[in-house]
Amino acid sequence: MSTTEESEHGERVTRRERRLEVPMLLLAGAFLVAYAWPVLESDLGQTWESRLEVLSWTVWAAFAIDFLIRLWLAENRPLYAARRWYDVVLVLLPMFRTLRLLRMLALIRMLNRSMAGALAGRVSLYVAATSALTIFVGAITVLDAEQDVPGANITEFGDALWWSVVTVTTVGYGDYYPVTTEGRLVAVGLMLIGIALVGVLTAAVASWFIRNANLSESTTSAKTQPEPGPELEESRVEGAAPQGGGPAKAG
């Protein structure tokens with residue numbers, strides 16, 4: 001039986017996406033390293049900075065080629081491009097540093113697509129992975145935007161990580177805050193993602209409680225059902241209609 005994606009985009013593109021989940025996941029991780037390393041270690045050296053820049057553009061090229069191939073394989077290309085809008089953004093706008101945060105959407109999507117098990121377990125794993133990834137990438141991105149700006153108060157990774165945690169949870173103590181436009185855009189994105197994650201987590205917990213309540217009710221109902229005793233079995237036998245019309249009368 002074909003899935004919804006296969007019916008919308010075709011079997012070839014669906015098979016390719018499943019086959020390349022792990023390689024693209026590793027490439028997304030390589031891009032994260034190439035982006036985060038120079039931010040965390042400012043005195044890295046020109047040689048390593050150049051190598052990481054080449055790695056970043058190589059990963060971007062791999063994402064672009066993979067998306068173009070999938071778009072070519074898709075049966076309904078406009079619909080496929082609309083459904084994969086984040087891939088379009090990642091391919092067309094790689095030079096904007098704030099939009100590098102969007103590049104991690106591909107990693108989140110691959111994690112979610114490769115999860116297995118029950119719905120509650122999948123949602124819980126998805127929320128945990130998304131939260132950790134969002135907090136880390138948000139901290140790296142805001143530190144990249146703020147650390148060399150005069151008057152900025154987010155200049156260390158620890159401060160950036162703390163700010164990212166309180167922002168994504170929509171607590172917002174206000175002890176650290178971005179002063180650049182790019183940093184504030186990252187803050188808006190973290191707030192929106194945080195609200196969405198809280199909603200997903202609340203729905204997952206509610207679904208878990210409802211499922212366990214229904215299971216407990218079903219178990220209790222099964223235990224209270226009376227088991228058929230000897231009297232009940234005997235009455236069933238006596239009440240059974242004789243087959244064949246009964247014994248024939250003697251002439």
Do you reckon [X] sits in the same ILVMFWY cluster as [Y], going by side-chain contacts under 4.5 Å, direct or chained?
{"X": "L73", "Y": "Y80", "value": "yes"}
{"X": "V13", "Y": "I69", "value": "yes"}
{"X": "V165", "Y": "V188", "value": "no"}
{"X": "M191", "Y": "I154", "value": "no"}
{"X": "L133", "Y": "L40", "value": "yes"}

How far does CD1 of I135 sit from CD1 of I140, to the nearest 0.5 angstrom?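 CD1 of I140 is found 13.0 Å from CD1 of I135.
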Checking E146 side chain against N153 main chain: does a donor-acceptor pair fall under 3.5 Å?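 Side chain of E146 to backbone of N153, a donor-acceptor pair under 3.5 Å: no, none is there.
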Quick check against the 3.5 Å criterion: does S164 have a side-chain atom that pairs as donor or acceptor with the backbone of A160?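 Looks like no, no N/O pair under 3.5 Å.
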Counting C-beta onward and ignoring hydrogens, is there a side-chain heavy-atom pair between [X] and [Y] closer than 4.5 Å?
{"X": "V39", "Y": "F157", "result": "no"}
{"X": "R84", "Y": "L71", "result": "no"}
{"X": "L44", "Y": "L52", "result": "yes"}
{"X": "F31", "Y": "F63", "result": "no"}
{"X": "V186", "Y": "W163", "result": "yes"}
{"X": "D66", "Y": "R16", "result": "yes"}

Holding to side chain to side chain donor-acceptor pair (under 3.5 Å), I want the full list of residues that pass it with W72, two or more places apart in sequence or in another chain.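 With neighbours one apart ignored, the set is empty.
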With sequence neighbours left out, what residues match D159 under salt bridge (Lys or Arg N to Asp or Glu O under 4.0 Å)?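 D159 satisfies salt bridge (Lys or Arg N to Asp or Glu O under 4.0 Å) with no other residue.
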More than 12 heavy atoms from other groups under 6.0 Å of CD on E41: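 Yes, because the 6.0 Å sphere around CD of E41 holds more than 12 heavy atoms from other groups.
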If you take all heavy atoms of T58 and V54, which pair is closest and at what distance?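 Taking every non-hydrogen atom into account, OG1-O, 2.7 Å.
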Can you name the closest pair of heavy atoms from A145 and G183 and give their distance?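 Taking every non-hydrogen atom into account, CB-N, 4.1 Å.
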Out of T167, T169, V168, which one pairs with V171 under the side-chain contact (heavy atoms from CB on, under 4.5 Å) rule?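 Exactly one pass, corresponding to T169.
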Y35 vs D144, side-chain contact (heavy atoms from CB on, under 4.5 Å): CA-CA, chis, key distance, verdict: CA-CA 10 Å; Y35 177 48; D144 188 21; 3.3 Å; yes
If you link I, L, V, M, F, W and Y whenever their side-chain heavy atoms are under 4.5 Å apart, who else ends up in the same group as V179?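 The other cluster members (ILVMFWY side chains, heavy atoms under 4.5 Å, direct or chained) are V149, Y177.
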